[in-house]
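Excluded from the calculations below are hydrogen atoms, water molecules and symmetry mates; all remaining heavy atoms, backbone and side chain alike, are included. A quick note: this is a predicted structure, and the numbers were derived from the prediction, not measured.
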Amino acid sequence: MSINELIPLCIAVISDWRVIFITVLTIIFIALAKYVQRYRKKPPRVRVKKAEAKAPAEKAAPAEGEAASEDKAAAAK
């Protein structure tokens, strides 16, 4: 078989739809395998406890004068 007969045969094999289809599937499979290999879950977020929000709500409502002084003290911190 000479080179003049080999080149058209190679072109015919490469341009066959089955070869193209298998090549595309192989590339997709390799890309999926790389994605799964490198996939890392994000660490879970730390949740802020709501116990601090419940504490002021449980207290009895102070008089208006006392509430204003507490707000100023809290703002100063």
* **From Thr23 atom OG1 to Ile14 atom CD1, the distance as rounded to the nearest 0.5 Å** => 9.0 Å

* Structure fact -> Rounding to 0.5 Å, atoms CD1 (Ile20) and CG (Leu25) come to a distance of 12.0 Å

* Residue pairs, two or more places apart or on separate chains, that pass ring-ring contact (aromatic ring centres under 6.0 Å, His included) and touch residues 27-50 -> Tyr35-Tyr39

* Give the C-alpha distance, both sets of side-chain angles, the deciding distance and a yes or no for side-chain contact (heavy atoms from CB on, under 4.5 Å) between Asp16 and Val19. => CA-CA 6 Å; Asp16 186 36; Val19 173; 4.2 Å; yes

